[in-house]
Participant: 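Here it is: the structure, laid out below.
None of these values were measured; they are calculated from a predicted model.
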Amino acid sequence: MSKKRLLTGLQSSGTLHIGNYFGALKPFTDIYEDYESFLMVADYHALTSLRDPKEMQQNVINVVKDYLAVGVDPKKAVIFRQSDNQDHMELGWVFDCMVTVPFLMQAHAYKDKVAKGLEANAGLFTYPMLQAADIALYDTDVVPVGEDQRQHIEYAREAVGKFNRAYGELLKTPNEMILDGVGVVPGTDGEKMSKSRGNTIPLFGTTEEIEKAVMSIVTDSAGERPENVYAIHTLLRSEEELEVIYTEHTGRYGDLKKLLASDIDAFVAPMREKRAQISDDDVKAVLADGAKRAQEISRQTITKVRKAIGIAL
Ligand code: ADP
Ligand code: TRP
């Protein structure tokens with residue numbers, strides 16, 4: 001039986017932290033080989049909020065390096081850049097013509113920006129239809145995304161549904177797949193680890209950077225053990241192992257932090273080393289190969305779409 005098809009879009013979110021790893025990258029690397037997987041760098045989507053061309057280029061390179069470093073094999077997944085395949089723009093436009101303005105006005109990404117008083121450009125407004133095109137071009141079955149993207153997948157279903165009702169059942173209706181992560185990874189202050197909070201432990205940080213972050217974890221001497229240290233430790237060791245360690249070091253929070261730092265360092269070291277070995281040219285080669293493989297498939301869809309809407313003579 002052939003594998004089901006999976007596609008997801010990657011946005012560069014700057015320097016990754018271990019919350020990103022355990023909440024998003026690890027669950028992805030755990031399942032992607034069970035599918036025929038497509039990983040698309042959503043650079044045209046990034047243009048809705050990014051004006052700096054250098055940063056745009058660097059972000060694309062970085063996010064691919066991140067995924068390669070955590071173990072995605074470019075032979076087993078098609079890794080490509082949205083802007084390398086103009087079929088996305090074309091189907092995006094077709095979908096724009098399928099849905100109404102009031103419908104798009106209900107999309108979170110748009111509503112949130114407007115509520116914050118930020119510029120909501122037309123690209124941001126039609127963003128969900130470009131995303132729908134990303135998905136529909138590859139006859140995608142499942143789309144692994146975070147909870148915040150659930151609505152965008154509904155929008156993709158709606159666009160596909162409208163198209164199919166108008167022109168016949170040509171496009172596949174996708175489903176979201178909310179990955180089973182570890183839940184929320186706490187940061188050094190005990191709150192959700194997040195780059196906007198400045199409470200992160202960097203995934204590809206140096207030994208010193210990791211140590212510095214771990215030593216800053218907020219501890220509370222009231223409990224039996226430092227909860228925030230322990231919570232992060234559970235990502236790396238079994239409860240049985242931790243029971244022994246935490247009993248042996250009762251009250252010695254500094255030592256426990258040092259142990260945690262060295263466990264994190266040992267865990268991330270191979271990924272960090274792998275990332276350092278990947279050159280920009282390696283990434284470009286992966287993307288060039290991915291673009292070819294992606295186009296072979298999307299061409300078939302766009303050809304069907306063109307015929308159906310009556311623009312192929
Ligand atoms: P941040 O909150 O640092 O800005 P993003 O919003 O860019 O992180 O998240 C990127 C991915 O990492 C999302 O899939 C998100 O669910 C996951 N993620 C981010 N922070 C955590 C965390 N503390 N615990 C678990 N998963 C997380
Ligand atoms: N909008 C997604 C995000 O912000 C990224 C994305 C673009 C995407 N195209 C996609 C995700 C297609 C899944 C499928 O994270």
Side-chain angles (χ1 to χ4, degrees), residues 6-14 19-20 23-24 28 38-53 55-56 59-60 63 80-138 140 142-166 171-179 184 192 194-197 298 301-302 305 309:
L6 172 155
L7 178 137
T8 197
L10 311 177
Q11 295 249 47
S12 172
S13 65
N20 298 137
F28 178 79
F38 291 74
L39 254 87
M40 184 202 74
V41 183
D43 55 353
Y44 268 141
H45 273 121
L47 187 62
T48 60
S49 61
L50 181 62
R51 286 288 172 280
D52 182 336
E55 204 179 325
M56 175 71 93
N59 283 353
V60 172
V63 73
F80 72 105
R81 198 161 61 137
Q82 190 177 38
S83 62
D84 277 338
N85 185 355
Q86 293 306 313
D87 295 345
H88 293 251
M89 304 315 291
E90 187 170 347
L91 187 58
W93 175 257
V94 173
F95 283 157
D96 282 345
C97 298
M98 297 293 124
V99 295
T100 66
V101 168
F103 174 69
L104 290 177
M105 280 171 74
Q106 298 308 313
H108 296 317
Y110 176 73
K111 277 207 297 197
D112 291 352
K113 271 225 161 162
V114 174
K116 282 188 194 141
L118 296 171
E119 175 196 84
N121 55 51
L124 186 78
F125 186 64
T126 59
Y127 182 117
M129 292 303 103
L130 180 56
Q131 183 160 349
D134 301 337
I135 296 167
L137 275 174
Y138 300 92
T140 303
V142 289
V143 187
V145 282
E147 188 58 48
D148 62 318
Q149 289 293 314
R150 193 190 281 275
Q151 190 201 34
H152 282 153
I153 314 306
E154 269 166 36
Y155 269 53
R157 273 201 295 275
E158 177 66 13
V160 164
K162 281 248 176 122
F163 181 92
N164 284 347
R165 283 193 290 283
L171 302 176
K172 186 172 266 182
T173 308
N175 280 307
E176 73 276 359
M177 175 193 222
I178 307 293
L179 289 175
V184 174
K192 175 181 184 270
S194 173
K195 63 177 173 298
S196 57
R197 267 204 169 88
S298 68
T301 310
I302 206 75
V305 167
I309 62 181

Participant: Can we call the ring centroids of His108 and Tyr127 under 6.0 Å apart?
Facilitator: no
Participant: Out of curiosity, Gln86 CD to Ile302 CD1, how far, rounded to the nearest 0.5 Å?
Facilitator: 11.0 Å
Participant: Could you walk me through whether His152 and Val145 pass the side-chain contact (heavy atoms from CB on, under 4.5 Å) test, one step at a time?
Facilitator: CA-CA 10 Å; His152 282 153; Val145 282; over 6 Å; no
Participant: Check for a donor-acceptor pair, side chain of Glu176 on one end and backbone N or O of Arg150 on the other, with a separation under 3.5 Å.
Facilitator: no
Participant: Using atom types as modelled and distance alone, determine if a side-chain donor or acceptor of Thr48 lies under 3.5 Å from a backbone N or O of Leu124.
Facilitator: no
Participant: State whether the side chain of Gln151 and the backbone N or O of Asp148 hold a donor-acceptor pair below 3.5 Å, judged by distance alone.
Facilitator: no
Participant: Please round to the nearest 0.5 Å and tell me the distance separating atom CG of Asn85 and atom CG of Leu137.
Facilitator: 6.5 Å
Participant: If you apply the rule side-chain contact (heavy atoms from CB on, under 4.5 Å), what do you find for Ile153 with Ile135, and how did you get there?
Facilitator: CA-CA 9 Å; Ile153 314 306; Ile135 296 167; 4.0 Å; yes
Participant: For the residue pair Ala133 and Gly92, what are the closest heavy atoms and their distance?
Facilitator: CB-N, 3.4 Å
Participant: For the residue pair Ala136 and Thr301, what are the closest heavy atoms and their distance?
Facilitator: O-CG2, 3.8 Å
Participant: Do side-chain atoms of Thr126 reach the backbone of Met129 as a donor and acceptor pair under 3.5 angstrom?
Facilitator: no
Participant: What class does the angle between the rings of Tyr155 and Phe103 fall in, given that below 30° is parallel, 30 to 60° is tilted and above 60° is perpendicular?
Facilitator: parallel
Participant: Would you find a donor on one side and an acceptor on the other, under 3.5 Å apart, between the side chain of Asp43 and the backbone of Ser83?
Facilitator: yes
Participant: Any idea which heavy atoms bring Thr140 and Lys172 closest together, and the distance?
Facilitator: O-CD, 3.7 Å
Participant: Would you call the rings of Phe163 and Phe95 parallel, tilted or perpendicular if under 30° counts as parallel and over 60° as perpendicular?
Facilitator: perpendicular
Participant: Quick one: sort the Tyr110 and Phe125 rings into parallel, tilted or perpendicular, breaks at 30° and 60°.
Facilitator: perpendicular
Participant: Write down the atom of Val114, the atom of Ala120, and the distance for their closest heavy-atom approach.
Facilitator: CG2-CB, 3.8 Å
Participant: For the atom pair CD (Gln106) and CD (Glu154), what is the distance rounded to the nearest 0.5 Å?
Facilitator: 12.5 Å
Participant: If I take atom CE from residue Met40 and atom CG from residue Asp84, how far apart are they, to the nearest 0.5 angstrom?
Facilitator: 11.5 Å
Participant: What I'd like to find out is whether the side chain of Met89 reaches to under 4.5 Å of the side chain of Leu130, using heavy atoms alone.
Facilitator: yes
Participant: Check step by step if side-chain contact (heavy atoms from CB on, under 4.5 Å) holds for Asp134 and His45.
Facilitator: CA-CA 11 Å; Asp134 301 337; His45 273 121; 3.2 Å; yes
Participant: Quick one: closest heavy-atom pair of Pro174 and Val143, and the distance?
Facilitator: CB-CG2, 4.2 Å
Participant: Quick one: CG on Asn59 to CG on Asp52, what's the gap to the nearest 0.5 Å?
Facilitator: 9.0 Å
Participant: First locate atom OG1 of Thr173, then atom CD of Glu158, and finally report the distance between them rounded to the nearest 0.5 Å.
Facilitator: 10.5 Å
Participant: Between Thr100 and Met105, is a side-chain contact (heavy atoms from CB on, under 4.5 Å) present by the stated rule, with each step listed?
Facilitator: CA-CA 9 Å; Thr100 66; Met105 280 171 74; over 6 Å; no
Participant: Do Gln82 side-chain atoms and His88 backbone N/O form a donor-acceptor pair below 3.5 Å?
Facilitator: no
Participant: Using atom types as modelled and distance alone, determine if a side-chain donor or acceptor of Thr8 lies under 3.5 Å from a backbone N or O of Pro144.
Facilitator: yes
